[in-house]
There are 2 protein chains.
Amino acid sequence: MDRLMKPTIYDIAQKAGVSAATVSNVVNSRGRVGEETRKKVVKVMDELHYRPNLAASVLKGKPARTIGFFVPDMLNPIYMEYVKYAEERAQACGFSIIMCSTENDPQKERVQADILRQKNVDGFIITSKFQNEQLLQELEQEGFPSLCLAHERNEFQFDSVTGDDEQAGQMAADYLVSLNHINVAMIAEKDSLSSPGRITGFQKRFQELGKNAPPVFFAEASIERAKKVAKEVIREKKPTALFGGNDVIAVGIIQAARELNLSIPAELSVIGLDNTFLCEIVSPQVTAISMPVKKISYKGIDLLIDKMKSGRDVRKAAVYPPALVERVSAQKRKK
Amino acid sequence: MDRLMKPTIYDIAQKAGVSAATVSNVVNSRGRVGEETRKKVVKVMDELHYRPNLAASVLKGKPARTIGFFVPDMLNPIYMEYVKYAEERAQACGFSIIMCSTENDPQKERVQADILRQKNVDGFIITSKFQNEQLLQELEQEGFPSLCLAHERNEFQFDSVTGDDEQAGQMAADYLVSLNHINVAMIAEKDSLSSPGRITGFQKRFQELGKNAPPVFFAEASIERAKKVAKEVIREKKPTALFGGNDVIAVGIIQAARELNLSIPAELSVIGLDNTFLCEIVSPQVTAISMPVKKISYKGIDLLIDKMKSGRDVRKAAVYPPALVERVSAQKRKK
DNA sequence: GTGAAAGCGCTAACAG
DNA sequence: CTGTTAGCGCTTTCAC
């Protein structure tokens with residue numbers, strides 16, 4: 001064996017005086033190998049710093065132990081959190097995560113999905129509505145293991161793991177009502193698959209409690225945009241409380257209030273949804289309905305791996321309940 | 001060809017009436033292929049939705065077009081920004097990024113590095129001091145393409161791309177001095193490889209300007225920890241201005257001031273370093289010395305790819321100058 | 001300009 | 001319990 005080449009199974013076999021098959025068996029703890037031989041082989045592998053070449057076993061049809069993870073925007077705190085925990089869990093399960101930022105561009109989605117599949121990635125996790133419906137259809141048809149994280153696509157057979165958006169909306173409503181707020185509005189993220197549930201839950205709950213359903217306004221997922229919309233809403237509706245459909249929007253509301261010299265929570269109560277680290281960074285700190293991001297990510301990885309291994313074709317969907325995290329951005333309405 | 005199997009070059013070759021070698025040549029635009037044949041082959045590839053299997057070509061020794069990206073903590077905004085731009089650039093260059101969160105654990109560093117190399121990753125980008133020095137030595141010895149992003153390791157031969165930490169510290173000093181602040185302190189990140197340069201630049205500049213070098217205190221890289229240290233410093237030193245060695249620390253200072261009922265910038269000026277999105281989220285928005293994160297990431301990817309392709313062994317290091325971004329957290333000292 | 005053939009490193013029957 | 005063998009899909013001389 002050339003001293004510069006990485007050792008192969010054959011080098012190990014030769015040096016240990018066994019066959020390549022035996023080495024392979026040792027590496028994969030498969031087949032019956034005598035304890036003697038096993039030890040010997042292990043010893044040689046250590047000495048030579050043997051590292052199996054995954055490309056070869058992948059070529060033979062074994063899994064690449066790699067997952068493609070698609071996000072529209074890596075700098076959005078909510079996606080960062082999903083990524084973080086997904087990677088954490090994947091690592092624990094012996095998988096790696098390839099990041100793919102798509103910018104919501106169907107073209108990029110397609111190109112990256114193709115590349116990842118050339119790389120024999122075992123499955124995809126998709127964290128926001130893919131723009132490329134045709135791609136989704138192909139994935140479904142081929143039965144390529146894919147999972148929707150933090151959103152659902154009922155038209156497709158993909159597994160999904162989400163927080164309960166409707167319940168989250170409901171909880172926000174309950175909380176605001178318990179604080180005596182009547183003149184309330186919601187600013188929801190435009191084009192988000194989470195928004196409909198959150199809106200429905202919020203409005204329905206108000207009605208169930210015998211109040212008018214609060215109006216809903218829309219903003220894109222950026223603090224800047226949300227701030228702009230919030231300013232308009234505040235000026236026109238003069239609400240005593242505002243519900244941000246996600247944390248980024250809640251932060252936009254906070255900034256709008258500041259620029260309008262409205263004090264929070266004295267003059268305006270604000271409640272967010274997701275409970276990312278943003279809530280603790282801004283001031284005042286934001287009361288929010290918390291989505292169990294870590295649990296969702298972990299379960300997403302688990303379900304996807306399960307799907308890859310079992311090859312099951314029945315769809316699985318997990319939904320986790322949100323929870324209220326009280327901080328200081330909302331208070332009882334002053335008489 | 002089985003209708004369920006992914007097509008191989010042989011399937012393409014057969015259907016196009018040529019040999020596998022020719023198909024390979026077409027795929028890689030290599031060798032001489034007649035225009036006629038080329039078109040025909042391309043057509044068949046399209047029809048069959050042919051997607052080359054990277055595992056096979058990697059096995060043959062071609063690059064996997066994948067980079068391993070190590071971060072200690074994905075939720076730290078500065079790393080998120082580095083990842084974001086690195087991925088963006090890598091994508092443009094036809095590479096993918098595998099994320100690896102190490103939590104500064106030498107054991108994890110080792111395990112993940114081994115796994116990535118089994119996966120035939122072409123190179124590593126390391127964003128903070130690896131704890132596992134032995135691993136670094138091995139990488140260096142084997143000439144495995146690796147690059148230090150946003151820090152340097154002069155003991156090793158790795159390429160590096162950084163912002164100029166010393167100059168950044170200097171600029172912070174200049175700015176604070178220009179604002180008439182004399183009673184100043186710095187809170188730097190403990191155990192960060194960026195801190196020494198930032199500290200040196202900051203202190204030296206004060207001395208060059210004929211002032212006393214401001215004292216430096218240390219905090220770990222978390223808002224919580226920084227806040228705690230900041231409170232102590234404020235109580236004991238009663239500074240008129242505080243320099244946060246990075247944005248996370250600056251935010252900790254802001255929160256400390258708030259809890260101490262000190263108004264910023266009226267009673268305390270604060271300046272951060274890095275200029276991540278955090279600076280715009282907190283209030284008041286933070287004046288900061290900005291590191292050109294995007295440029296650094298882009299260059300890091302470019303250098304690493306260059307290194308992989310050229311196999312050069314001379315070390316390259318790029319350093320980018322910081323810039324002052326004025327916001328509202330610092331102002332002229334009141335008489 | 002195109003094809004035949006060997007082999008990258010590993011796996012999985014199947015023999016022995 | 002261990003070895004032989006035949007590929008996985010692609011690349012790359014080297015003939016033709």
Side-chain angles (χ1 to χ4, degrees), chain A residues 1-2 4-42 44-45 48-66 114-115 117-122, chain B residues 1-2 4-42 44-45 48-66 114-115 117-122:
Chain A
M1 167 194 132
D2 188 327
L4 293 169
M5 291 292 283
K6 287 173 51 180
T8 74
I9 234 181
Y10 285 99
D11 301 316
I12 307 298
Q14 195 180 1
K15 189 139 185 241
V18 297
S19 80
T22 301
V23 177
S24 175
N25 282 339
V26 171
V27 171
N28 302 287
S29 11
R30 198 178 17 77
R32 253 127 297 285
V33 181
E35 187 52 21
E36 294 288 82
T37 359
R38 209 191 58 76
K39 273 195 178 137
K40 170 130 211 186
V41 170
V42 169
V44 175
M45 290 197 303
L48 267 46
H49 296 111
Y50 173 68
R51 218 182 296 120
N53 183 336
L54 253 310
S57 59
V58 167
L59 190 53
K60 271 305 246 183
K62 308 212 91 182
R65 307 193 74 88
T66 305
D114 281 349
I115 291 178
R117 297 176 66 191
Q118 292 184 18
K119 294 187 180 176
N120 296 283
V121 153
D122 307 303
Chain B
M1 166 193 130
D2 188 326
L4 293 169
M5 291 291 282
K6 287 172 50 178
T8 74
I9 24 178
Y10 286 99
D11 301 315
I12 307 298
Q14 196 180 0
K15 191 139 183 243
V18 297
S19 79
T22 302
V23 177
S24 175
N25 282 339
V26 171
V27 171
N28 302 287
S29 10
R30 197 177 23 73
R32 279 134 300 282
V33 182
E35 186 52 20
E36 294 289 79
T37 358
R38 206 189 61 75
K39 271 191 181 143
K40 170 131 210 186
V41 170
V42 169
V44 175
M45 291 197 304
L48 266 48
H49 294 112
Y50 172 67
R51 219 182 296 118
N53 183 334
L54 253 311
S57 58
V58 167
L59 189 54
K60 269 307 239 183
K62 308 211 92 182
R65 307 194 73 89
T66 305
D114 281 349
I115 291 179
R117 296 175 68 191
Q118 291 184 19
K119 295 187 180 177
N120 296 284
V121 153
D122 307 303

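A note on names: the letters A, B, ... follow the listed sequences, proteins ahead of strands, and every chain is numbered from 1.
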J.: Are side-chain heavy atoms of B/V23 and B/Y10 found at a separation under 4.5 Å?
T.: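 Answer no - side chains too far apart.
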J.: Among all residues two or more places apart in sequence or in another chain, which pass the salt bridge (Lys or Arg N to Asp or Glu O under 4.0 Å) test with B/K15?
T.: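 Checked B/K15 against salt bridge (Lys or Arg N to Asp or Glu O under 4.0 Å); matches are B/E47.
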J.: Side-chain donor-acceptor contacts of residues 51-58 of chain B below 3.5 Å, not counting sequence neighbours, with atom names and distances?
T.:
{"from": "B/N53", "atom 1": "OD1", "to": "A/N120", "atom 2": "ND2", "distance (Å)": "2.9"}
{"from": "B/N53", "atom 1": "OD1", "to": "B/A55", "atom 2": "N", "distance (Å)": "2.8"}
{"from": "B/S57", "atom 1": "OG", "to": "B/L54", "atom 2": "O", "distance (Å)": "3.2"}

J.: In Å and rounded to the nearest 0.5 Å, what is the OH to CD1 distance from A/Y50 to A/I9?
T.: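 Result: 4.5 Å between the selected atoms.
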J.: Got a sec, which pairs hit salt bridge (charged side-chain N to carboxylate O under 4.0 Å, His left out) with one end in residues 52-63 of chain A, sequence neighbours left out?
T.: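 For residues 52-63 of chain A, and leaving out neighbouring residues, there are no salt bridge (charged side-chain N to carboxylate O under 4.0 Å, His left out) pairs at all.
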J.: Under the rule for side chain to side chain donor-acceptor pair (under 3.5 Å), what residues qualify as partners of A/N25, not counting sequence neighbours?
T.: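 With sequence neighbours excluded, A/N25 shows a side chain to side chain donor-acceptor pair (under 3.5 Å) to A/R30, given in chain and number order.
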J.: Is the closest side-chain donor-acceptor distance between B/T66 and B/K119 under 3.5 Å?
T.: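 The criterion, which ignores hydrogens and geometry beyond distance, is not satisfied for B/K119 and B/T66.
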J.: To the nearest Å, give me how far apart CG (A/N28) and P (C/dA13) are.
T.: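 Checked: the CG to P distance equals 13 Å.
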J.: Mind checking which nucleotides bracket the chain B contacts on DNA chain D, 5' to 3', with an atom under 4.0 Å from a heavy atom?
T.: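 Contacts span D/dG9 to D/dT12, reading 5' to 3'.
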J.: Taking only residues two or more places apart in sequence or in another chain, which ones pass side-chain contact (heavy atoms from CB on, under 4.5 Å) with A/A21?
T.: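 Expected list: A/S19.
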J.: Which angle, to the nearest 10 degrees, lies between the helix axes at the two ends of the helix from C/dG1-D/dC16 to C/dG16-D/dC1, each defined by five pairs?
T.: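 Computed angle between terminal axes is 40°.
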J.: Which residue is it: A/V41, A/V44, A/V33? I am looking for the one with a side-chain contact (heavy atoms from CB on, under 4.5 Å) to A/V18.
T.: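 Answer after filtering A/V41, A/V44, A/V33: A/V41.
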J.: How long is the gap from OG1 on A/T37 to NZ on A/K39, to the nearest 0.5 Å?
T.: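 Nearest 0.5 Å value for the OG1-NZ distance: 11.0 Å.
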J.: Taking side chain to side chain donor-acceptor pair (under 3.5 Å) as the test, write out the residues that go with B/R38, two or more places apart.
T.: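 Side chain to side chain donor-acceptor pair (under 3.5 Å) check on B/R38 returns B/E35.
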J.: Are any protein N/O atoms closer than 3.5 Å to N/O atoms in nucleotides 1-4 of chain C? If there are, list each pair with its distance.
T.:
{"from": "C/dT2", "atom 1": "OP1", "to": "B/T37", "atom 2": "OG1", "distance (Å)": "2.6"}
{"from": "C/dT2", "atom 1": "OP2", "to": "B/G34", "atom 2": "N", "distance (Å)": "2.3"}
{"from": "C/dT2", "atom 1": "OP2", "to": "B/T37", "atom 2": "OG1", "distance (Å)": "3.0"}
{"from": "C/dG3", "atom 1": "OP2", "to": "B/S19", "atom 2": "N", "distance (Å)": "2.8"}
{"from": "C/dG3", "atom 1": "OP2", "to": "B/S19", "atom 2": "OG", "distance (Å)": "3.3"}
{"from": "C/dG3", "atom 1": "OP2", "to": "B/T22", "atom 2": "OG1", "distance (Å)": "2.7"}

J.: Could you state the CZ-C1' distance from A/R51 to C/dC8, rounded to the nearest angstrom?
T.: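 A/R51 atom CZ is separated from C/dC8 atom C1' by 17 Å.
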J.: Report the residues that fulfil side chain to side chain donor-acceptor pair (under 3.5 Å) with B/K40, sequence neighbours left out, ordered by chain and then residue number.
T.: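 Result, side chain to side chain donor-acceptor pair (under 3.5 Å) vs B/K40: none returned.
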J.: Can you sort out the partners of B/R65 under salt bridge (Lys or Arg N to Asp or Glu O under 4.0 Å), two or more places apart, ordered by chain and number?
T.: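 In terms of salt bridge (Lys or Arg N to Asp or Glu O under 4.0 Å), with neighbours along the sequence ignored, B/R65 is linked to no residue.
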J.: Which of residues 57-64 of chain B sit near DNA chain C, with a heavy atom under 4.0 Å from it?
T.: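 Only B/L59, B/K60 qualify.
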